[in-house]
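Values in this document were obtained by computation on a predicted structure and should not be read as measured data. Ligands are counted one by one from 1 in listed order, and the atoms in each one are counted from 1 as well.
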Amino acid sequence: MLILMNLNAPRQDVEDIKNKIKSHNCQAHEIPGEINLAIGITGPSELLYEDDFRLMKSVVDVVRVSKKYKLVSRQMKNNDTIINTKYGKIGGKELTIIAGPCSVENRDQIFRIAEILKNAGVKFLRGGAYKPRSSPYAFRGLKEEGLKLLDEVKKEFELGIVTEVLSPDTIHLVEEVADIIQIGARNMQNFILLDEVGKTKTPILLKRGLSATVEDLLLSAEYIMAQGNFDVILCERGIRTFETATRNTLDLNAVPVIKKNTHLPILVDPSHGIGIRDKVQPMALAGVAAGADGLIIEVHHDPDNALSDGSQSLTPEQFQKLYDKLKSLAPIVDKELL
Ligand code: PEP
Ligand code: MN
């Protein structure tokens, strides 16, 4: 349920509403909008009566949210969420480009790639320190050492850092370095992890699971928001289908569907989506054309020798060509690549 109040409602009226909600063992979430102040209700709200709230001071309307996900839905908040970070906005007009290697491998590697990307105009550097791998024998990341390198490179080049967290016990370490914490596809339904990142104040990049529906993805975002972290960025990164010609099937249908159902920003990851280096560019452009708020792309200065996902990592030259094309494409889809 959603209570819409006058934008300039006296504080006491807002508190009265929130106290009434809490007295029924539900949670109240304040969501400031352009026209109204909304109070979103989560929890067992079937026991609340709409009319009880309608009669309270400063209440404009009471709306039942029919979707399974509540805080995530456009019914709860109509205007697009724009996430502000020190390094740029995600959502709204801005087209966000996050680029970098799959994994942080060593100091020289991450510094070289960061310098190239900074010079290209990129604001966010991606790179995993903790890597989820299908094989336990594959490179699983430099862990704390990788975080230290990310911290150094961030200070040197003033780039926002996007890096993955795999388990609740390392959130406090990742949080110190990350401007955006990534929850990878394999952990999209790790509900304990979602609860815990929901308690942080760092924006979360939530990637769609390998066999997750759009609704599953939105319900996972709801876990994070229900804990109080409203800065959630969704990511379409391809799903498993019967098709074997590509690593995954990038479900670009999801982009306009997600845009309709939620106010949260959505990025596309064409690298994992198709998994083949020379086919990343068309899918990146297609993602932006489909309405994505930005892209997360793997780039490596020596992809053939990368320790993970080299075959889908762009060379710096390929990335520069794509970036130039994105600059031309952005205004056509009403976006700005600053
Ligand atoms: C990654 O970003 O390198 C990664 C592991 O992504 P995903 O979780 O989408 O597979
Ligand atoms: Mn990768």
With a cut-off of under 6.0 Å to the ring centre and 45° to the axis, is Arg107 in cation-pi contact with Phe111?
yes
When you measure from the centre of the six-membered ring of Phe139, is the NZ or CZ of Lys131 closer than 6.0 Å and no more than 45° off the axis?
no
Name, closest N/O/S atom of Glu298 to the Mn ion (ligand 2):
OE2
Applying the side chain to side chain contact (heavy atoms under 4.5 Å, CB included) test to Tyr323, which of Leu117, Val122, Leu314 qualifies?
Val122
Output field for angle at the Mn ion (ligand 2), Asp309.OD2 vs His272.NE2, rounded to 10°, should show 80°
Donor-acceptor pair, side chain of Glu222 and main chain of Leu71, under 3.5 angstrom
yes
Can you see which heavy atom on Asp278 is nearest to which on Pro282, and at what distance?
O-CD, 4.4 Å
Please state whether the rings of Tyr87 and Phe124 are parallel, tilted or perpendicular, taking 30° and 60° as the class boundaries.
perpendicular
If you round to the nearest 0.5 Å, how far is CG of Leu206 from CD1 of Ile224?
4.5 Å
Hey, which residues fall under 4.0 Å of ligand 1 on heavy atoms?
Cys102, Arg126, Lys131, Glu164, Gln182, Gly184, Ala185, Arg186, Lys207, Arg237, His272, Glu298
